[in-house]
Amino acid sequence: MSIRVLNPNAEVLNKSAALHMTINAAKGLQDVLKSNLGPKGTIKMLVGGAGDIKLTKDGNTLLKEMQIQNPTAIMIARTAVAQDDSSGDGTTSTVLFIGELMKQSERCIDEGTHPRFLVDGFEIAKRATLEFLEKFKTPVVIGDTPDKEILKMVARTTLRTKLYEVLADQLTDIIVNAVLCIRKPEEAIDLFMVEIMHMRHKFDVDTRLVEGLVLDHGSRHPDMKRRAENCYILTCNVSLEYDKSEINAGFFYSNAEQREKMVAAERRQVDQRVMKIIELKEKVCSGTDKNFVIINQKGIDPPSLDLLARAGIIALRRAKRRNMERLVLACGGEAVNSVDDLTEDCLGWAGLVYEHVLGEEKYTFVEQVKNPLSCTILIKGPNDHTIAQIKDAVRDGLRSVKNTIEDEAVVLGAGAFEVAARKHLLDNVKRTAKGRAQLGVEAFADALLVIPKTLAENSGLDTQDVIVSLQNEHDQGTVAGLNHHTGDPIDPQMEGIFDNYSVKRQIINSGPVIASQLLLVDEVIRAGRNMRKPA
Amino acid sequence: MREIVTIQVGDFANFIGSHFWNFQDELLGLAEDDGADPIFKNNFMDMDVLYRTGLTHQGAYTYCPRLISIGSQGSLGTLSSSGSLYGDSSSSDATDTLTWKGAVTKLAENPREKNLFLKSLSEEGEDDPNIEDKDRVQCLERDIKFWSDFSKVHFHSKSLYELNGAWTDFQNFDNFGDGKEVLLGGLHMEELNDRLRFFVEECDHVQGIQCTVDDSGGFSAVASEFLENIADDYTNIPVLLYSVRDTFSYTDATKQRKLITRSLHDAVSLSKLSTYSSLIVPVGLPSLGGLAPSLCVRDEKNFHSSAVYASAIHSISAPFRFKPAGPISNTTYAAGSLDIGEIIHILAGQNRQNMVAILDVSMPAPSLSDKANPGGILNSFHALGTEIGDDSEDLYMDESLILNGALFSGADWASVSQVKDSICNVYDKGLRAKPRPSHLSISLTPLPIPLPFPSIFPTTTGRRGEILADQPLEGPPKGSLEVESVPVMTRLRSSISIKPFIECRYNNLLRHGMLRGAKGAGLLRDWGFGKDEVDDMGEHLSKMLRIFNPSSEMTSDSD
């Protein structure tokens with residue numbers, strides 16, 4: 001209470017009040033996200049004060065959209081979002097797990113157990129569960145040609161929790177193919193090499209994978225072709241516009257004549273660069289039916305566009321920086337920073353380049369490329385919030401495939417792991433813990449069940465029935481998960497329901513850490529201190 | 001054509017921007033209005049410099065500002081972030097979700113109600129004969145919460161960006177660290193870069209970027225990161241940056257901790273923003289009372305102060321869009337065309353390389369033949385920044401002067417040559433030392449006063465902003481219903497006067513952040529700056545100071 005002496009405005013909550021405040025916050029957050037979980041969860045539509053709509057079923061997005069004020073809730077939310085940042089999924093599960101750990105602890109604490117024992121028990125249980133996960137996981141042999149089926153199953157499991165089945169299944173193929181396309185042996189997968197482009201057009205089922213690249217701009221000259229076959233692609237970062245470089249060089253013209261001269265000289269330099277490109281085009285294309293496309297990261301001004309158009313070249317300016325890399329991976333060749341020493345080897349190749357115009361938006365498709373190592377997922381949807389939601393789902397799907405390849409393992413889903421882990425904890429681990437730490441292990445084990453319980457609840461099933469029948473299956477030695485249609489136990493392996501190993505491991509790792517920190521809070525002091533950062 | 005891309009970052013910057021675009025909208029409207037004064041038929045001003053022509057999916061043409069506005073989530077008021085022009089056709093049945101067949105929970109905020117002014121724009125209140133313009137003007141004076149409350153402009157669907165920082169409390173978004181944090185882990189920069197690319201790609205020849213940043217809080221970190229990206233991607237595009245603050249940001253901090261936070265923020269912000277821009281103009285006064293008696297501004301209203309700053313920024317931007325007039329550069333309507341690159345060169349590229357300029361404004365500018373003012377109209381300037389020293393002895397001053405719609409006497413507008421003569425007269429008579437070089441731009445079009453402009457003119461102001469002699473001095477201030485236009489005169493100067501401003505920030509960084517045992521060192525670490533980076537910032541600021549002291553340059557180079 002000495003804080004009151006130092007700062008009379010400080011609000012101090014004593015130990016049990018503090019504990020209940022944090023537990024309530026954790027439970028509150030859990031309640032908000034609970035209905036999201038699983039293929040039968042509820043989608044949330046957020047409508048802003050000005051009528052802007054946001055659709056999400058993703059815990060991560062939802063947490064970010066909510067204006068959370070409670071410091072405990074913020075701490076949990078931060079952990080959950082960090083989970084998403086590092087492994088791409090599992091936000092909702094993390095929040096549920098932490099909430100349930102707190103709920104189970106509350107019961108023990110009310111009965112007189114000191115939080116310290118629970119925390120000790122959590123630690124034992126956590127380590128044991130992680131060990132158990134190592135045994136329980138299903139190894140996946142990746143090698144040079146990964147098993148596409150298993151990748152699809154993981155992607156489908158994720159996507160079906162975010163999108164309706166038909167769309168989820170369609171995207172599953174797209175996503176797995178996209179990741180396999182950009183995958184290089186012996187190298188980490190760079191998901192940025194999958195471009196995600198969207199068009200507000202038609203319906204969501206038109207979403208497709210483009211082996212090649214879709215750029216969100218087009219040529220800027222009326223005489224350039226809108227469609228060309230057999231194209232050389234020059235990827236470059238060369239200014240083809242007249243810059244007022246004298247400004248930057250600190251030189252300032254003193255009269256109009258001098259100015260004209262400067263302009264003319266500068267213009268000549270730009271023209272020379274354009275001519276070099278045209279020379280190369282003539283060299284590689286003349287006498288054939290081949291075409292030539294320039295995709296430039298810098299600007300191209302109208303006089304340069306004129307010259308290029310007259311030479312029959314298609315030119316795009318101000319390409320995305322990241323597309324320089326993607327283009328080279330998709331089409332071959334190299335990205336050049338200067339037009340000196342241009343050779344045919346610098347050029348990439350695409351069988352087809354064409355433009356698609358929607359109102360003021362232009363899209364350029366670069367397709368039919370050889371051995372693409374970069375590709376584009378083109379999302380179509382009738383409105384912005386639909387597109388945004390599909391986009392979020394696609395990102396999650398891509399991460400799940402990448403995780404699988406990097407983990408070389410998956411974990412049986414539909415709640416099977418949680419039920420099995422609980423059984424392991426109660427049967428084998430609990431008795432190894434000393435004294436009252438056993439209560440912590442037990443609370444941990446029961447908290448794990450929050451996943452199958454919530455899945456059942458969201459499917460409108462009777463939670464207790466479901467849990468009992470699942471436990472019976474496990475007691476008999478069969479690994480079973482929840483069939484969310486009927487509530488009966490199923491074999492997740494047969495049904496193809498798999499979760500990411502790394503996501504599961506991280507939930508188990510971070511959940512108890514945060515819960516323990518919250519349990520050990522014995523005083524909350526509110527005195528204008530910034531409580532937003534996690535400890 | 002030389003396009004300008006405008007960027008507004010932060011709430012107060014958007015307040016200023018809202019006024020700024022209202023002026024442009026008013027100019028566009030007056031140019032097409034047959035009943036308007038011929039002076040507004042400005043065929044010498046090329047509005048395409050600031051605006052772009054677009055096409056919606058439905059095939060309708062649009063004409064929108066080439067703008068990116070960044071604000072905090074919820075700061076758009078009744079405005080939809082995708083604007084009103086590119087609304088998707090399906091928005092009426094948006095409630096059926098196409099991506100999920102399961103249950104849907106709808107969480108809706110209460111729809112915000114439009115004020116009388118906005119209702120009249122959207123034709124909801126148009127038919128109501130009981131509501132007059134007077135009521136609309138009054139409702140704006142009474143209650144402005146969001147910048148969109150007084151905006152009459154249609155924005156492009158890619159223009160308005162809401163920053164939704166996970167758990168950022170935008171009420172207390174008051175330092176550089178907060179701003180850095182909000183960008184962490186999100187795709188904000190990616191999205192902003194994409195939007196900027198959309199606007200830049202369609203430009204044939206960008207003359208520059210005009211950027212207004214609310215630098216009193218976390219938004220300066222957002223802006224500096226964005227500008228850093230811009231500097232990387234568009235190497236040769238000059239950036240003219242106004243770092244603006246509202247009057248509230250000057251309220252005295254009582255706690256020492258807060259004081260240190262603020263002074264470090266100011267130092268870091270200046271250092272970072274100046275690194276990634278070509279010319280930086282601090283704008284913002286703790287009180288606008290000094291502008292009396294020509295204006296009566298209520299300090300507690302951002303609606304008021306932002307209108308003054310926007311008028312000045314509008315005036316400066318006028319010469320950027322004079323149409324090239326063939327071999328003779330002087331038309332009868334305008335003279336002294338400049339582009340952003342040139343004005344930056346005049347101010348920051350010549351005598352000294354000082355890149356922090358001072359903005360002075362005179363509004364409404366007195367008439368040229370005003371006998372009561374022997375020092376000439378140049379004495380009517382008020383600086384819009386703080387911590388400004390004296391530059392009467394400064395031999396290396398550079399300045400650029402811009403007059404919009406100056407009055408000759410009474411309510412008669414002056415011609416281009418009359419304006420030139422009067423200004424030359426002031427210098428020739430030695431009434432004021434003439435900085436060399438000095439640039440003069442003249443536009444005959446005065447600042448139009450749109451309906452949603454605050455009532456800040458004294459009772460003695462006439463329809464054209466002239467001073468009426470026969471009016472009582474007391475009375476309620478006049479607004480857009482009584483005043484149609486005002487002459488505005490602005491000046492950007494680069495002089496030694498800015499030295500105290502930079503010095504103060506440098507010393508604060510040194511004292512609170514760099515010295516051994518400095519109280520704010522930990523704070524800078526919290527904001528994610530390593531020691532090296534802090535040293536770099538200190539070095540950068542000291543370099544900005546050194547140019548005012550040519551003799552010490554040699555010695556400081558050697559260490």
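Just so we're on the same page: letters track the sequence lines, and every chain starts at 1. Remember, it's a predicted structure, so these values are computed and weren't measured experimentally.
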*With a 4.5 angstrom heavy-atom cut-off, which part of B:Thr78 approaches chain A: side chain, backbone, both or neither?*
backbone
*Checking A:Ala319 against chain B: side chain, backbone, both or neither under 4.5 Å from a heavy atom?*
backbone
_Heavy-atom cut-off 4.5 Å, strictly under: side chain, backbone, both or neither for B:Asp194 against chain A?_
side chain
*Considering only heavy atoms, which portion of B:Gln207 lies under 4.5 Å from any heavy atom of chain A: side chain, backbone, both, or neither?*
neither
*Is the NZ or CZ atom of A:Arg322 positioned over A:Phe192's six-membered ring, under 6.0 angstrom from the centre and within 45° of the axis?*
yes
*Salt-bridge contact B:Asp204-A:Arg317 (side-chain N to carboxylate O under 4.0 Å)*: yes
_Heavy-atom contact with chain A under 4.5 Å, split by part of B:Ser81_ = both
*Please state whether the side chain, the backbone, both or neither of A:Ser304 comes within less than 4.5 Å of a heavy atom of chain B.*
neither
*Looking at B:His156 versus B:Phe199, is the centre-to-centre ring distance below 6.0 Å?*
yes
_Contact origin within A:Lys298 toward chain B - heavy atom pairs under 4.5 Å_ = side chain
_Among residues at least two apart in sequence or on other chains, which ones pass side-chain hydrogen bond (donor to acceptor under 3.5 Å, both in side chains) with B:Asn229?_
none
*asked:* Quiz question: by atom type and distance under 3.5 Å, do the side chains of B:Tyr161 and B:His188 form a donor-acceptor pair?
replied: yes
*asked:* Quiz question: by atom type and distance under 3.5 Å, do the side chains of A:His198 and A:Lys380 form a donor-acceptor pair?
replied: no
*Go through A:Ile300, A:Asp216, A:Leu305, A:Thr42 and name the one with the most non-hydrogen pairs under 4.5 angstrom from chain B.*
A:Thr42
*Specify which of A:Gln389, A:Glu165, A:Glu360 makes the most heavy-atom pairs with chain B at under 4.5 Å.*
A:Glu360
*Would you mind checking which part of B:Leu79 comes under 4.5 Å of any heavy atom in chain A, side chain (CB onward), backbone (N, CA, C, O), both or neither?*
backbone
*Quick one: list whatever passes side-chain contact (heavy atoms from CB on, under 4.5 Å) with B:Asp233, sequence neighbours left out.*
A:Gln297, A:Arg321
_Given heavy-atom pairs under 4.5 angstrom as the criterion, report whether the side chain, backbone, both or neither of A:Arg160 touches chain B._
backbone
*Could you check which of A:Leu358, A:Asn458, A:Asn237, A:Val357 has the highest count of heavy-atom pairs closer than 4.5 Å to chain B?*
A:Leu358
_Residues A:Asp384, A:Lys391; criterion salt bridge (Lys or Arg N to Asp or Glu O under 4.0 Å); working and verdict_ = CA-CA 10 Å; A:Asp384 291 339; A:Lys391 220 176 195 175; over 6 Å; no
